[in-house]
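Remarks on the structure that follows.
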Amino acid sequence: QCRPMDVPSNSRLLMLLGQLERMSRESMMTEAEIARQLTAKILHLIQTQDLQTTLNILYILSELLTVGGGRRVAVFVSKGGPAILLKLLISASKESPPSEELMLQLHSLLAKVGPKDRKFGVKARLTGALNVTVNLLKQNLLNSKLVLPCLQVLRVYSSNSVNAISLGKSGAVELMFKIVGPHTKKNTTLLKVALDTLGALLKSKTNARRAVDRGHVPLLLFAYQDWHRNDTRQRHMLIRKGLLASLRNITNIKCGRTAFIEADGMRVLYNTSNECLPVRTLDPLVNTSSLIMRKCFPKNRLPLPTIKSAFHYPLPHVPAGGPVAQIYSQMPGVDDVVDDSDEETEADMENDTENEEDEKDCRNDDIETDLSKLRPREIHSRPFEELRVYDKFFLELSEDFQVSGVPYGRTRVDEPPVNSTRHIHSPLLVGGIAAARRGGGGGSSAGGSDCGSEGPEEEGPLLEVPDTALLLPLHDPDLYVEMVKGTASVPRYSEVAYPDYFGHVAPTFREPLLERAYGVQRAKIFQDIERLIHPNDILDKVVYDLDIPSGPVIADDGESLKFNSQFESGNLRKAIHVRQHEYDLVLNSDINSNHYHQWFYFEVSGMRVGTDYRFNIINCEKSNSQFNYGMQVLMYSVQEAIGGKPRWVRTGEDICYYKNHFSRSSIATGGQKGKSYYTMTFTMNFSHKDDVCYFAYHYPYTYSTLKMHLSKLEDLRSPQIYWRQDVLCETLAGNSCPLLTITAMPEATTNDHLCPFKNRPVIFLSARVHPGETNASWVMKGTLEFLMGSSQLAHSLREAYIFKIVPMLNPDGVINGNHRCSLSGEDLNRQWQNPSHELHPTIYHTKSLLQYLAHIQRAPLVFCDYHGHSRKKNVFMYGCSVKETVWQSNISTSSCDLHEDLGYRTLPKILSQMASAFSMGSCSFVVERSKESTARVVVWREIGVQRSYTMESTLCGCDQGKYKGLQIGTRELEEMGAQFCLALLRLKRLTSPLGLRTQQHFLDVESDLMETRAKVTSPTTYVMEEDEPSFQEEVDYSADSNDDDPDPDVEASNEPEDAALHLDTLSDCETANHKK
Ligand SMILES: [Zn+2]
């Protein structure tokens, strides 16, 4: 309806527009530059016209911008079009009354171009356009033609958080509530836009509070219910989702959550969700509802008197300012007060959303950039005289072997088995510690080495079991019991867990990764919410409790399962019978600490057959777990063992791991407030009546097991094997820390034989500094068994090297069921820079051995500390490389034209070629600041060992190679330990002058390096979520994710927005304190 224009400039304008049109149509934008110039001219012209001309230009502009697939809009925006339109809007608004038609046109255009302009929100605010639109809306709420474009513009405005506050003050929230309401068939588009706007406005806490104060929460709930009931053909998902989004944002603040609870929101969302469940397309609604309910679920503290470990161990001295001093200097009861300070203190610290772009990738923060720290250097801070005392651990270097007739190996009396079964008592008790199943709460004194030796208690029924001593080369139940007697635990355990006694015969069947059923996590969360909805189902009966003097086992009518974990490496603190077939379990903190729970090992009995029992470990701490990616728990059934299958099996259904409603005290999180614990849940259907079953995080491997294995390994000695077992030192609790020396005996005692013998390179291995990483011990067992083997390869290996091995760096932690620490309440793998003689004896002396070797110019060829990894699959290594660290950091490359021997890559490379569980792609050679006091980094930097590694084995399974899709078992772990030995043998060939040191090999390493350089290998500190493929159901673990909604203009499609909805989990600052 353009009128012919009569002003000369208008004809010029028309000409220009025509030219632009033509060009856009014909020239495929090759003449984009000319197009830009034209646009600029057009814009200039618009500003100088009278009303009607302006309108005409706007009509043309509108038509022009409607076609062209967005490219024209982009050009228009890039030339400052939106700003000009906003200015026009302001000047037009000053007319009284303003031209309705002009307002309509301007808003229509702004609605079109605004979403494409990143600075639109700021521009609108600075020009003063926000109020123009709001006032226009207020005056024209019934003018259906004008309302829609105004709302659309408002929606763009409000996506800017500063604008949202300003708009709220101008009454925009109230305005939206005038439009939003119960089900209607009219104006659904309008409603949808209003809801989007409202959702954006309510992200501002001030606005959310305003909505709560005006009583809008019940209104939103009512509207949601109404739409739910009437939208039976699911045509208005976006409106229902919009209502939920508003509720979600309101419940980010405490008073919003309170209002939600008071309005019976839990029940409303619970019921509507249940009705939505059968329709898969409604999942986004169920998921958002679930999110809101979880957020509003009253926060509880753990049902414990204190989060400090149930056991305390008095240290020889408590370093001021250390973790133990901090814990025990607190007033009683302060330690886990759930902080009530709501995020309402927040102040709407609104940055422009436009500026939030630059906080992208801060993953590299932890990389060491101090070049002086990256240059390995030997630190001879200790006089050699001080190290002389370690001579005794290196006898092989001075021995002359003149005295022959040293009894090599015990005479092996291979007595034929008399019986293939043996008889044992139940429960298994050792050492004459009379009271069975003692209370544990008060256990506080130093370890009990006062065990007598009267043998098993004469009590309980007699069981006939297969004799695993005949099945397992290194196992002997009687010997195990003997070893337990010499093991000192802080709680003075007197029981022996059956699995450790019987031993584990690895099953021969495959144990595939558990496929996760769709909706498991959601179903579990709904069951949790039912605790509030159906309070009558709650039993809340404590059945096991380390914190009560009469406990831990609590007498019971036989209706509940029985729990126990008073044995080596056990760590159950409390079990609560919550509902009929459901138990909440609380793990004990590491001794002298108030956190670190992940490892578990406990016994269950009194089960019924054919019943699904749900177990929830409710105080896990890591933000994600392989339990979400196919890992199952381990179970050992005594009935199965008696039936001839003594073994741990992967089991449990409906396994998942998610953030729960138990608050973590900021005291245990390093000051971070508002953190929650995580639940690891699994369901178990037992197959034997009257069974005694054990559950563990991973295959247990106790300190007593190690001692038994070492004793049996010693029996394998032959005259060709040099084997020595020394006591490196005693631990805090008085347990000895074994040190092994293994090599081949010299063939003769003449100098020409002794000299090469003494000059064999040293390989230094250690394991199990982290007690919860039992897999490390199984890998070590594989290494040791190979080393003591009779094969030619084993012999060659012994001839090639002298092995120094500390198989368990943290016996006390292992014995007492710790997950991470030693009795000092500290992570021993963070003490290598400055280990304390008193508090970290095993580390202190191990480091001294290495210093000794460095001093005598015999620094190890390879150092490797075996670990387990809880969040990744496969086996891999971390090493240290200056170059690779520099590449990953922002240090300018000119500052470090380093020459680095690539030898550190050889061993992992060999492993990746020979061990199918090993993944080169997961290896990293970056030196991180946070790891500067780990064994790997200190041995590299201070001892000067170029090949200094951590070898990480998965707790879960493999996603590559021969074992792809399978969970890892002891067989594979032991195999890994043996393959490590074979790799050392190949390393020998490659490093010895006579070996196959070909060009080709180095080319391989080079090309390998180039690959790594191209793709950023993840530094060890970070486990990115992309490590795992996503499954259909979004995992709600991303506790730390930001509350970022997608662009407001992405509206038509559900999916991107849905994803964001799920990810946006419980805000971290919510800490409503509703005590039980
Ligand atoms: Zn570790």
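Both ligands and their constituent atoms are indexed starting at 1 by order of listing. Because only heavy atoms are used, hydrogens play no part in the values below, and waters and symmetry mates are left out as well, while side chains stay in. Positions are given from 1 along the sequence.
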**Report entry** Centroid-centroid under 6.0 Å between H819 and H770 rings
**Finding:**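 No - the distance between ring centres of H819 and H770 does not fall below the 6.0 Å cut-off.
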
Query raised in the report: Below 6.0 angstrom between ring centroids: does that apply to H867 and Y878?
Result: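 Judged by ring-centre distance (under 6.0 Å), H867 and Y878 do not meet the cut-off.
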
For [X], all residues meeting salt bridge (charged side-chain N to carboxylate O under 4.0 Å, His left out), sequence neighbours excluded:
| X | result |
| --- | --- |
| K781 | E785, E974 |
| E773 | R820 |
| E730 | none |

Report task. Look at the aromatic rings of Y694 and Y636 and report parallel, tilted or perpendicular, splitting at 30° and 60°. Result ->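 If you compare the ring of Y694 with that of Y636, the planes turn out perpendicular.
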
**Report entry** Under-2.8 Å protein N/O/S neighbours of the Zn ion (ligand 1), ordered by chain then residue number
**Finding:**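 Near the Zn ion (ligand 1), the protein supplies H770 ND1, E773 OE1, E773 OE2, H867 ND1.
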
